[in-house]
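Down below is the structure, laid out as structure tokens.
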Amino acid sequence: MQEQKLQNRDKKYLWHPLTQHKTAAPPLGVVKAKDALFWDEGGNTYIDGIASWYTAMYGHCNEKISTAITNQMKELDFVMFSGFTHRPAIELSERLIQVLPSNQAKIFFNDNGSTAVEAAIKMALQYYYNKDEKRDTLIAFDDGFHGDTFGAMSASGLSSYNGPFEDFLLKVIRIPPPQEDTIDAVLELLDNICKNNSCAAFVFEPLVQGAAGMKFHSAKGLDLLLKKCQELDVLCIADEIMTGFGKTGKTFACDYLEHKPDVLCLSKALTAGMFPLSITTCTQKVFDAFLSDEVAKGFFHAHTYSAHPLGCAAALAGLELLSSDEILGRRKYIEVAHQNFVLRIKHHPKVKNARSLGVILAIDLAIDTRRYGKFRDRLYDFFMDNGVNLRPLGNTIYTLPPYVITNGQLQKIYGAIEDALEVF
Ligand SMILES: *Cc1c(COP(=O)(O)O)cnc(C)c1O
């Protein structure tokens with residue numbers, strides 16, 4: 001039997017994420033990927049300008065990563081992590097502790113970003129419960145994104161995702177991310193919130209809010225918010241799922257801060273885009289609050305595939321690549337190229353704001369936002385027709401390319417963005 005087009009076969013049984021199936025265009029059948037490129041079933045090539053949601057930073061089908069997974073697969077595929085341990089998890093914990101903010105002491109495994117945040121929130125709530133203190137409120141930024149399970153969704157502030165569930169969410173009070181000129185006002189707001197509520201934790205994306213449209217905020221302001229929380233005994237949970245592993249120029253966005261978070265969430269590039277795995281790390285102080293002669297004061301949260309050895313092997317290989325001379329050189333190259341591109345286009349009449357940090361580049365277009373839905377889709381189609389996978393968020397065009405993108409491919413992304421500025 002001749003193979004039917006993937007697109008046609010897909011339609012019969014599959015339900016895709018973030019998709020209104022009545023109106024959405026059919027998904028693209030992808031058959032192959034290598035480095036910064038992927039191929040569709042019609043033989044067209046695309047540059048993966050967002051590293052498949054910020055995961056494949058060392059390139060698709062990276063041989064070092066796939067070899068590490070293959071070798072691990074032949075030795076120990078999987079064993080549950082409750083009551084058992086294994087070398088890949090231990091070695092990964094030892095390696096990670098060396099690069100994490102210096103106050104981090106314990107590594108808890110999950111299997112995706114949302115559940116890493118979910119575990120972090122449960123840790124914070126139980127931290128106080130174990131001390132016989134009931135704290136029922138979280139603080140989070142406006143327009144944050146932390147994932148799609150209920151706790152993570154509660155902390156998220158993008159109501160377009162959460163509308164139907166809003167009546168069922170945890171209690172969260174929001175503050176605006178601090179800009180250079182609003183730091184004092186946000187600090188005062190935080191102070192008021194903490195004094196008038198039983199706040200357990202402050203959950204935030206450090207420095208860059210991804211899903212909100214790669215919005216940046218002040219590192220100094222965030223640092224002062226952490227300081228304030230720590231004075232008021234509110235745990236700080238940094239969601240580094242997008243920013244982690246070099247995206248902002250430093251290994252973690254929190255490396256820009258003097259005050260360190262109590263809890264940190266990692267996923268996405270953790271496993272170089274090859275395996276779903278996530279980690280929630282915490283300080284000794286948080287861990288110690290779960291030590292007790294009472295069994296129930298332990299942390300009773302588990303996912304079957306926690307600490308999957310294949311994911312740990314991928315993560316170990318990824319960490320080695322992250323600090324290799326080759327990748328360090330590429331990261332620097334992209335950072336400088338982005339800075340130059342920002343200088344080149346920031347005064348374009350259709351550009352409202354252009355910014356970059358590390359390998360993240362974002363451009364807000366000065367367009368009539370009432371055309372938002374259709375406009376965004378036309379922009380997306382324009383880039384795909386030009387062989388570049390960028391997924392504009394509203395009127396924000398951004399790229400977060402794999403570190404291994406070639407100079408020519410990066411220039412092609414810039415060229416497509418400049419063409420878009422002329423066409424739209
Ligand atoms: C992607 C993302 C998540 C959710 O991770 P999933 O693996 O999709 O559940 C949470 N927080 C941030 C900042 C993210 O970018």
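As the structure lists them, so they are numbered: ligands from 1, and atoms in each ligand from 1.
- Set against the non-hydrogen atoms of His146, the atoms of ligand 1 under 4.0 Å away are 10 (C), 11 (N).
- Geometrically, ligand 1 and Tyr54 share no nitrogen or oxygen pair separated by less than 3.5 Å.
- Those atoms of ligand 1 with a heavy atom of Ser114 less than 4.0 angstrom away are 4 (C), 5 (O), 6 (P), 9 (O).
- For an aromatic pair to be called close, the ring centres must be under 6.0 Å apart, and Phe204 with His146 fails this.
- Here the options are Ile139, Asp184, Ile175, the test is side chain to side chain contact (heavy atoms under 4.5 Å, CB included), and the partner is Leu189; only Ile175 passes.
- Between the side chains of Glu118 and Thr149, at least one donor-acceptor pair of N or O atoms lies under 3.5 Å.
- For the pair Lys268 and ligand 1, the shortest N or O to N or O distance falls below 3.5 Å.
- When ring centroids are compared, His217 and Phe141 come within the 6.0 Å threshold.
- Between Glu205 and ligand 1, no N or O atom pair is found at a separation short of 3.5 Å.
- Taking a cutoff of 4.0 Å between a charged side-chain nitrogen and a carboxylate oxygen, Arg135 and Glu133 qualify as a salt bridge.
- Within ligand 1, counting atoms from 1 as listed, the ones closer than 4.0 Å to a heavy atom of Asp239 are 10 (C), 11 (N), 12 (C), 13 (C).
- Comment: Arg331 does not engage Glu335 in a salt bridge, judged by the lack of any side-chain N to carboxylate O separation of less than 4.0 angstrom.
- Taking the charged nitrogens against the carboxylate oxygens, Asp143 and Arg174 have no contact shorter than 4.0 Å, which rules out a salt bridge.
- Polar contact with ligand 1: present for Gly113 (N/O pair, distance under 3.5 Å).
- Here is the list of ligand 1 atoms found below 4.0 Å of a heavy atom in Gly147: 4 (C), 10 (C).
- At a heavy-atom cutoff of 4.0 Å, ligand 1 is contacted by no atom of Trp53, backbone or side chain.
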